[in-house]
2 protein chains.
Amino acid sequence: MNLRHARTFVTVAELGTVSKAAHRLRTAQPALSRQIIDFEQELGLRLFDRVGRRLLLTGEGEQLLAGCRVLLNCASAVTEQAQQLRQGDTGVLKVAGSPQHIESVLSQFLHRYAERYPNVEVRIAEGTGSEILKLLESGEIHLGQNLLHSVKLDKRHFGSLPLGSVEVLAACRPSLTLSDRDTIEVARLSGVPLLLMDSGFGFRRAFDAASRMAGLIPTIKFESRNPHTLLALAEAGHGVAIVPSQLQCRRYSLRIVGLTYRGRPLREPLTVSWDKRRSLPRFATDYCAMLAGYMCEIFPITRPTAPKPTISRRAPKQARRKPPAVSAR
Amino acid sequence: MNLRHARTFVTVAELGTVSKAAHRLRTAQPALSRQIIDFEQELGLRLFDRVGRRLLLTGEGEQLLAGCRVLLNCASAVTEQAQQLRQGDTGVLKVAGSPQHIESVLSQFLHRYAERYPNVEVRIAEGTGSEILKLLESGEIHLGQNLLHSVKLDKRHFGSLPLGSVEVLAACRPSLTLSDRDTIEVARLSGVPLLLMDSGFGFRRAFDAASRMAGLIPTIKFESRNPHTLLALAEAGHGVAIVPSQLQCRRYSLRIVGLTYRGRPLREPLTVSWDKRRSLPRFATDYCAMLAGYMCEIFPITRPTAPKPTISRRAPKQARRKPPAVSAR
DNA sequence: GGCCGTTTATAGCATTTGGGCATAACAAAG
DNA sequence: CTTTGTTATGCCCAAATGCTATAAACGGCC
């Protein structure tokens, strides 16, 4: 089976004679004549009845003609698609990120990106930092987002772009007074029942590292892959949730303080990473740049609440967060 | 664009490496390697990122992969269809016949034929005898039915099979007494206003020939391509309709007599004809044979009514026509 | 770091495919 | 019968394709 066979078959059937088909296809007549014969032999049936100097479609040929037409249409569709892709700004972009990243960043950002690149299909995978690293290494995704530096990746093979930093926050029910300021030392969490992200997450690893440094042996009440589970549990008074400032907390009634180690806030850089050995099209590199800009606009998403919480807490922050969201529309 | 390119592209993309693809496609690895490169050059874009010893689909490749898959499915559908056709009993059969033939014969016969050849698509064209001849000569149809011998066709090129004969009938309103018997001589139609088939019909030509022989100069009241128009006009008393016995007349209140010339009934043989230079598949030759058998069963469809018509005319004939119709179901 | 197994890409050679030219075979029209 | 137009065939050459051998790159392992 050959596209050329199909093409000459269809043209000959349409024009009625081999000669005319040869003229249209800018080739000599014997070539087409032989192609028809070869095609018939390959299919094992007569496509034309040779009556006089005309070629008349047989009943079988009539049926195959339709099939060959759609085949040719398919082929030209593919080449046309290739041409589209060559123009650029078209393709599939597979990205992965943590649940909180997808929720608080991507959910808005994708709209902005789709404005600039309407013909790029962004496919999203959700996972922990280590899972994202695996996907990146296996080549199943093009970009891995929200990777923290604590997740090691080979500098030789992977490029990355900083996306700003997340701070480590502790969230608990307002009635619980963790600290009289809007920060708290890691070490003071000793004995406090903690609600932590699953250990696969880079954020969790960063917290664990800080704990070791501070000599804290954490009391782990619960671990989850879903940060909102931690917030809900914290709101219900089951302990203190350790969450990244990237997480949306405004739906919950929580007191939020920043974690510090030796007086300095705990923060972890975020990055977007890719395999340097792969060639990223413009719409992919642009994705990274646009993402960095967008996150710079909206970060930090959640900040510590005032030390003495009032009812209308975080009112100024809501005002600060609105404009970028609108501009992203 | 080449089906081979598409095939190796899809296989390599599915199996992840060129080597495995080569093994599956039972060929050497360098061949596929070059095919991929050639395909990429032809399309003008990278399909794979060569990272390490793996080939990872680019975003563009991902999109083209889907297109190539449907292309290959199309191709295999065509070859599969060809195999079906090779088995036989599948195809398109284009036939043509007169309106009365289609109405009274084909309408029932096609059911019987479809029982035997359910996968043959019969396409019907309607026309006069001379139009059918043209279609046959131009190759637009495979079989021309209901051709009368008065329509000349070249014995060298066209084969034919007799289908029985039609008689020439005269139909008028019952109150009009054309004849006291169930036949009437052609010559006696002199001066009678006649309702005739269009002169393109072989049946009309047969009548004209008989008229000339009998020295009759017909008084033509009306000509039509639609025989039922003639019957309706005759029933309304506008004249005598000259119609073939093949025509269904039972819906009309008409007196019907057979035309004779020198005491012998006028009759014209019917045939089904084809271009001998074309190869007819079995389902086509069988169509002819089955048609001949069927028409033998049901002919003549309309016979002269009793000379003194009663109310329950043609009751026995209705009974005679039912059984074949049932057996054809 | 060095070796080994694996994989891709390249080179050289052989085979096949396919087109072009000339021409035969054939049909239709004058 | 000749002329014209069309299909099919033989011959030649070029392009495509495949195979073997081999180089180059990579990853894993010691």
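Numbers restart at 1 for each chain; the letters A, B, ... are given by sequence-line order, proteins then strands. Treat the numbers as computed from the prediction; the structure is a model and nothing was measured.
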Kindly give the atom pairs (protein nitrogen or oxygen, nucleotide nitrogen or oxygen) under 3.5 Å for nucleotides 20-24 of chain D.
none

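One atom, CG of Asp49(A), and another, P of dT7(D), lie 14 Å apart when rounded to the nearest Å. The CD-C1' distance, from Gln41(B) to dA16(D), rounds to 14 Å in whole Å. Put simply, CG on Leu47(A) is 15 Å from P on dT7(D), counting in whole angstrom units. Remark: P of dA16(D) and CE of Met1(B) are 16 Å apart, rounded to the nearest angstrom. The nearest whole Å value for the distance from the CG atom in Leu32(A) to the C1' atom in dA8(D) is 13 Å. Taking atom CG on Asn2(A) and atom C1' on dA16(D), their separation rounds to 12 Å, with Å as the unit.
Nucleic acid contact class of Arg34(B) (heavy atoms, under 4.0 Å, all strands): base. When heavy atoms are screened at a 4.0 angstrom cut-off, Ser33(B) is found touching base atoms of the nucleic acid.
Side chain of Glu140(A) to backbone of Leu135(A): no donor-acceptor contact under 3.5 angstrom is found. With Gln29(B) contributing its side chain and Ser19(B) its backbone, the two residues share no donor-acceptor pair below 3.5 Å.
Checked for salt-bridge contact, Asp208(A) and Arg212(A) miss the test: no charged N lies under 4.0 Å from a carboxylate O. A salt bridge links Arg282(B) with Asp89(B): the closest approach of a Lys/Arg side-chain nitrogen to an acidic carboxylate oxygen falls below 4.0 angstrom.
Less than 4.0 Å separates DNA chain C from at least one heavy atom of each of the following residues of residues 13-26 of chain B: Thr17(B), Val18(B), Ser19(B). Shown for residues 55-64 of chain A: no residue has heavy atoms falling under 4.0 angstrom of DNA chain C.
Between Gln35(B) and dA16(D), a side-chain N or O to OP1/OP2 separation shorter than 4.0 Å is absent.
Few gaps surround CD on Glu121(A); more than 12 heavy atoms of other groups in view lie less than 6.0 Å from it. Counting non-hydrogen atoms of neighbouring residues, nucleotides and ligands closer than 6.0 angstrom, the CD atom of Glu42(A) exceeds 12 such neighbours.
Contact of the Leu64(A) side chain with the Leu45(A) side chain is registered, since non-hydrogen atoms from C-beta on lie closer than 4.5 Å. The shortest side-chain heavy-atom distance between Tyr117(B) and Leu93(B) does not fall under the 4.5 Å cut-off. Looking at Leu57(B) and Phe9(B), their side chains come closer than 4.5 Å, going by heavy atoms from C-beta outward. Side-chain contact between Val166(B) and Gln100(B) is absent, with no heavy-atom pair separated by less than 4.5 Å. Side-chain contact check for Trp274(B) versus Leu161(B): some heavy-atom pair is nearer than 4.5 Å.
Protein chain A touches strand DNA chain C; the 5'-most and 3'-most nucleotides with an atom under 4.0 angstrom of its non-hydrogen atoms are dG18(C) to dA28(C).
Considering only residues two or more places apart in sequence or on other chains, Ala31(A) meets the side-chain contact (heavy atoms from CB on, under 4.5 Å) condition with Thr27(A).
Every pair passing salt bridge (charged side-chain N to carboxylate O under 4.0 Å, His left out) that includes a residue from residues 56-77 of chain A is listed here, sequence neighbours excluded: Glu14(A)-Arg69(A), Glu62(A)-Lys94(B), Glu62(A)-Arg123(B).
Thr8(A) and Gln35(A) form a side-chain donor-acceptor contact under 3.5 Å, judged by distance and modelled atom types alone.
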